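Below is one structure; the comments refer to it alone.
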Amino acid sequence: MSGVEQVTVAPVPLDRLAPLLTPERVERLETYVAVAQRLLEGRTIWNINSTARGGGVAEMLHTLVAYAAGAGVDIRWLVVGGDPAFFTVTKRIHNRLHGVPGDGGRLDADARATYDVTLARQRGEVVDRVRRGDVVLLHDPQTAGLARELRDRGALVVWRCHVGLDEHNEWTREAWGFLRELVEPAQATIFSRESFAPDWVDRRWLRVIPPSLDPFSPKNEDLDDGEVEALVHRQGLVVEGDALPTDGRVVLQVSRWDRLKDMVGVLDAFAAHLEDLPPDVHLVLAGPETSGVADDPEAAEVLAECRARWRSLPERARERSHLVSVPMDDLDDNARIVNALQRWATVVVQKSLAEGFGLTVTEPMWKARPVVASAVGGIRDQVEHGVSGLLLDDPHDGAELAAALSSLLTDADRCEEMGRAAHERVRDHYLADRHLIQYVELFAQLMGEV
Ligand code: UDP
């Protein structure tokens with residue numbers, strides 16, 4: 001078990017975004033940067049989460065920390081460590097906040113003790129670094145247990161939750177019961193959707209702030225066709241199936257190996273409806289190397305389930321489906337491979353059973369790819385059905401997925417139009433300027449400025 005680590009992120013000047021924004025947006029951003037510089041003079045903003053790589057929170061922090069630092073703000077990012085027992089408990093909470101039991105274990109006094117002991121070991125190290133008046137952004141359940149001491153230290157503490165379910169059930173209620181006393185000391189909370197928040201969260205200090213992506217990061221920067229081809233055909237990526245096709249079209253899902261992303265469900269739907277799809281279409285399911293995401297203990301098991309399912313498919317389905325494991329030893333390289341896969345795909349799928357936001361939807365939308373995605377959680381905010389992508393009413397329905405894919409794969413004009421609308425949607429709603437401005441507004445309110 002490792003302790004607290006600081007992640008180093010190189011500052012990026014905010015001007016880089018300017019060519020993508022209208023003059024009004026640039027001006028508004030400049031106004032807020034000036035406010036931030038004044039408000040945050042002599043203070044540090046701390047982001048604390050539990051992994052530096054893999055998953056949407058790490059992805060988003062790399063971008064935002066870089067831009068905020070580029071704007072002259074003293075912003076740092078700490079990662080708390082944990083042993084497998086801690087991450088088993090936090091993954092259980094994560095699953096339950098998405099409305100499913102996960103590993104079926106209990107969130108009882110033992111689970112609380114496991115959770116507490118891990119954070120107790122690191123609390124001193126975190127609290128010592130933070131000064132009175134600093135702002136601390138705690139991300140997700142893994143770090144909620146730091147709120148009370150940080151508040152006692154005199155910091156302004158915000159807990160940001162990136163997961164949730166629109167309609168609460170017995171599992172979400174249990175997880176929120178576990179988290180309540182940990183979260184309550186925070187002065188404010190941030191959710192990706194308001195419906196995710198339990199009743200007891202103080203609405204006056206709840207903010208809805210969806211994530212954003214960085215168009216210039218290795219994950220999203222432009223790549224030419226030659227670069228895309230070279231990256232996707234890199235040796236050693238495919239773990240089940242033939243080498244990726246050099247002709248033919250590709251339907252892609254990229255996700256962590258998490259049951260709620262339902263990679264197996266995509267594979268099943270593809271295999272069951274193979275005959276309804278054009279004959280040149282292949283399926284690619286890609287996820288990170290399973291040892292690469294520190295706070296996700298289910299990954300190896302879920303990948304193993306997918307591999308077993310792939311092996312059980314009829315030969316004609318195996319010939320046209322491929323499981324890809326993207327190396328995690330070099331993060332920029334990992335990002336470029338994901339970028340290339342998203343650009344290479346004709347259609348991108350996200351058949352999640354629950355989703356906090358889903359950067360794996362935003363990313364292909366930015367790349368002007370049509371997406372077919374479940375109408376769950378934050379995906380519903382991103383995709384306007386029939387305009388910037390297609391939404392699936394029932395995330396469990398493989399036939400609905402296949403029909404949506406088929407309708408796009410037989411209509412190139414529609415794909416192009418949808419891709420264009422998708423790109424514009426991300427440009428208008430999911431870039432860093434909107435995200436940073438929302439943070440500054442909240443900080444100003446916390447400091448009593450407005
Ligand atoms: N991702 C990645 N490498 C992979 C698989 C996923 O970098 O092999 C990234 C993906 O591009 C996205 C993030 O992990 O930026 C996943 O974020 P999302 O919000 O979709 O879901 P989460 O994993 O947070 O549940």
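What you are looking at is a predicted structure, and each value in this text was computed from that prediction instead of being measured. What's counted below: heavy atoms across the whole structure, side chains too, no hydrogens, waters or symmetry copies. First listed ligand is number 1; within each ligand, the first listed atom is number 1. One is the number of the first residue; the rest follow in order along the sequence.
Ring planes of W200 and W176: perpendicular class, angle over 60° (limits at 30 and 60°). Between Y439 and H435, the angle of the ring planes stays under 30°, which puts this pair in the parallel group of the 30/60° scheme. Note: H62 and W77 have perpendicular aromatic rings, judged against thresholds of 30 and 60 degrees for the angle between ring planes.
Atom CG of D199 has 12 or fewer neighbouring heavy atoms from other residues, nucleotides or ligands inside a 6.0 Å radius.
Expressed to the nearest 0.5 Å, how far OG1 of T360 lies from CD of Q350 amounts to 3.5 Å. Taking NE2 of H162 as the reference point, atom CG of D140 lies at 5.0 Å (rounded to 0.5 Å).
Contact annotation: M60 has no heavy atom less than 4.0 Å from any atom of ligand 1. G358 counts as a contact of ligand 1, since one of its heavy atoms falls under 4.0 Å from the ligand. The closest approach between G287 and ligand 1 falls below 4.0 Å for a heavy atom of the residue.
Residue contacts with ligand 1: T360 is placed with a nitrogen or oxygen under 3.5 Å of a nitrogen or oxygen of the ligand (distance criterion only). Residue contacts with ligand 1: F357 is placed with no nitrogen or oxygen under 3.5 Å of a nitrogen or oxygen of the ligand (distance criterion only). Among the atoms of G56, some N or O lies under 3.5 angstrom from an N or O of ligand 1.
Using a 4.0 Å cut-off between heavy atoms, N334 contacts ligand 1 through its side chain alone, with no backbone atom that close. At a 4.0 Å heavy-atom cut-off, ligand 1 does not touch D258 at all. Contacts between K219 and ligand 1, counted as non-hydrogen atom pairs separated by less than 4.0 Å, involve the side chain only. At a heavy-atom cutoff of 4.0 Å, ligand 1 is contacted by the side chain of K261 but not by its backbone. Only the side chain of V338 comes within 4.0 Å of ligand 1, judged by heavy-atom distances. At a heavy-atom distance under 4.0 Å, only side-chain atoms of E363, from C-beta outward, approach ligand 1.
Ligand-side atoms of ligand 1 in range of R256: 22 (P), 23 (O), 25 (O), range being under 4.0 angstrom from any heavy atom. For ligand 1, the atoms sitting less than 4.0 Å from at least one non-hydrogen atom of E59 are 15 (O), numbered in the order shown with element in parentheses.
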Q) Taking it one step at a time, do D258 and K91 satisfy side-chain contact (heavy atoms from CB on, under 4.5 Å)? A) CA-CA 10 Å; D258 178 318; K91 183 79 194 203; 2.9 Å; yes
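When only modelled atom types and interatomic distance are considered, W310 and S321 share a side-chain donor-acceptor pair under 3.5 Å.
Among all protein heavy atoms, the one lying closest to atom 6 (C) of ligand 1 is V254 CG1, 3.8 Å. The closest protein non-hydrogen atom to atom 14 (O) of ligand 1 is G55 N, 3.5 Å. Counting only heavy atoms of the protein, atom 19 (O) of ligand 1 lies nearest to L359 N, 2.9 Å.
Applying the salt bridge (Lys or Arg N to Asp or Glu O under 4.0 Å) test between D333 and each of K219, R234, R53 identifies R234 as the sole match. For the side chain to side chain contact (heavy atoms under 4.5 Å, CB included) criterion with W159, the lone passing option out of V136, I190, L138 is L138.
Contact of the R434 side chain with the S212 side chain is registered, since non-hydrogen atoms from C-beta on lie closer than 4.5 Å.
Between P218, A335, P288, it is P288 that holds the heavy atom closest to atom 4 (C) of ligand 1.
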